[in-house]
Amino acid sequence: MGRVPKVIEHRVKKNVKPGICRIIENGKGCTRDTHCRGLCPKHHTYFLRWGKMDEFAAAMKFVYVEQASYKINKDAPAGQCRLIENGTICTRHVHGRGLCARHWLTLERHGLHDKFGTTSRKDPRKFRVKKNIKKGICRIIENRDGCTGKAVSRGLCSKHYLRFIRSKQLEQYGTEKPKAKSSPS
């Protein structure tokens with residue numbers, strides 16, 4: 001004989017406390033903290049799996065985004081979100097395309113990635129050569145931070161030397177190639 005499935009009856013509470021699951025299961029109210037749409041993780045997964053989210057979950061809150069409230073911060077350091085929202089600079093860590101996870105999801109929902117995000121999925125790096133170069137120290141400023149690595153070749157640390165060889169930018173950022181010594185005849 002097969003196992004008889006347990007019958008579970010679900011209802012929605014009438015007086016729902018904020019932050020507490022809104023489901024009554026077999027006459028007993030759920031006391032777990034909410035995860036999404038007024039449901040605890042257990043009930044969220046259950047109703048999502050059985051296609052009953054519309055019946056038991058709270059309505060999704062959809063906030064319209066006005067494009068005028070966003071501006072691009074061109075001086076944002078690498079690894080920091082590049083948006084200015086309502087005059088406030090976002091300082092969250094980059095998730096992708098130069099945007100933090102919050103702005104990534106918001107702009108993706110509204111189809112505004114191309115307008116505010118970078119073209120590359122990676123955070124772009126900006127390189128400059130230091131004005132005051134110290135002997136034996138790497139001469140590169142990456143975004144806003146000066147590299148403190150030991151110079152190995154052509155005034156660059158091993159990390160930047162290899163990066164510029166691969167990207168064919170060694171002539172642009174490295175010092176001149178040392179001339180070969182001529183042998184006495």
Side-chain angles (χ1 to χ4, degrees), residues 33-37 39-42 44-45 48-49 53 60-185:
D33 292 336
T34 58
H35 162 68
C36 179
R37 295 182 67 181
L39 302 174
C40 66
K42 174 189 168 188
H44 183 269
T45 305
L48 194 61
R49 181 176 291 145
M53 288 294 280
M60 286 183 66
K61 293 178 182 175
F62 188 77
V63 180
Y64 179 72
V65 173
E66 287 197 33
Q67 294 181 32
S69 65
Y70 290 112
K71 292 182 181 171
I72 296 173
N73 180 7
K74 293 180 181 176
D75 295 329
Q80 181 178 315
C81 184
R82 66 190 304 239
L83 283 188
I84 300 172
E85 183 178 6
N86 297 324
T88 307
I89 296 173
C90 181
T91 58
R92 292 183 194 92
H93 183 69
V94 167
H95 171 73
R97 293 185 71 176
L99 303 170
C100 65
R102 178 176 165 263
H103 287 124
W104 167 274
L105 290 171
T106 304
L107 295 175
E108 179 186 42
R109 187 177 298 140
H110 296 283
L112 298 172
H113 268 140
D114 294 335
K115 184 167 183 177
F116 295 105
T118 59
T119 53
S120 170
R121 290 185 62 83
K122 293 183 178 178
D123 192 25
R125 298 174 188 262
K126 299 171 188 168
F127 297 105
R128 292 180 299 152
V129 176
K130 294 176 185 173
K131 290 180 181 175
N132 300 325
I133 300 170
K134 294 180 182 173
K135 190 169 181 143
I137 303 291
C138 183
R139 62 193 311 241
I140 295 297
I141 296 175
E142 189 172 331
N143 294 318
R144 292 184 177 184
D145 303 323
C147 182
T148 57
K150 182 182 173 189
V152 212
S153 181
R154 297 184 69 174
L156 302 170
C157 66
S158 58
K159 176 180 94 172
H160 287 115
Y161 181 76
L162 291 172
R163 177 173 285 151
F164 294 139
I165 282 180
R166 285 187 204 120
S167 64
K168 297 181 172 99
Q169 295 177 313
L170 188 59
E171 300 302 320
Q172 181 181 353
Y173 294 108
T175 58
E176 289 184 21
K177 193 173 185 179
K179 295 179 182 174
K181 295 178 184 177
S182 59
S183 60
S185 326

Please find the pair of heavy atoms, one from [X] and one from [Y], that lie closest to each other, and give the distance.
X	Y	value
Ala101	His95	N-CB, 3.4 Å
Ala76	Gln80	CB-O, 4.2 Å
His35	Cys40	CB-C, 3.9 Å
Asp33	Pro41	O-CD, 3.9 Å
Lys130	Cys138	NZ-O, 2.9 Å
Leu156	Leu170	CD1-CD1, 3.7 Å

Can you list the residues that meet the side chain to side chain contact (heavy atoms under 4.5 Å, CB included) rule with [X], with sequence neighbours excluded?
X	result
Lys134	Ile137
Leu105	Glu108
Ser153	Tyr161
Ser158	Val152

Backbone N or O of Tyr173 within a donor-acceptor pair of the Arg139 side chain at under 3.5 Å?
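Yes: the side chain of Arg139 pairs with the backbone of Tyr173.
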
Has the side chain of Arg82 got a donor or acceptor atom that lies under 3.5 Å from a matching backbone atom of Asn73?
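No; judged by distance alone, with no hydrogens or angles, the pair does not exist.
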
Go through the structure and list residues passing side chain to side chain donor-acceptor pair (under 3.5 Å) with Arg102, not counting sequence neighbours.
Glu85

Return the set of residues passing side chain to side chain donor-acceptor pair (under 3.5 Å) with Lys71 (not counting sequence neighbours), or none when no residue passes.
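Checked Lys71 against side chain to side chain donor-acceptor pair (under 3.5 Å); zero matches.
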
On the 0 to 90° scale, with breaks at 30° and 60°, tag the Tyr70-His103 ring pair as parallel, tilted or perpendicular.
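Perpendicular.
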
Could you go through Phe127 and His160, starting from their C-alpha distance and side-chain angles, then the distance that decides it, and tell me whether this counts as side chain to side chain contact (heavy atoms under 4.5 Å, CB included)?
CA-CA 10 Å; Phe127 297 105; His160 287 115; 4.0 Å; yes

Pick out which of Leu99, Thr106, Ile89 makes a side-chain contact (heavy atoms from CB on, under 4.5 Å) with Leu83.
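Exactly one pass, corresponding to Leu99.
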
Out of curiosity, Gln172 CD to Ser167 OG, how far, rounded to the nearest 0.5 Å?
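Between atom CD of Gln172 and atom OG of Ser167 there are 8.5 Å.
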
Gap between atom NE2 of His93 and atom SG of Cys100 - 0.5 Å precision:
10.5 Å

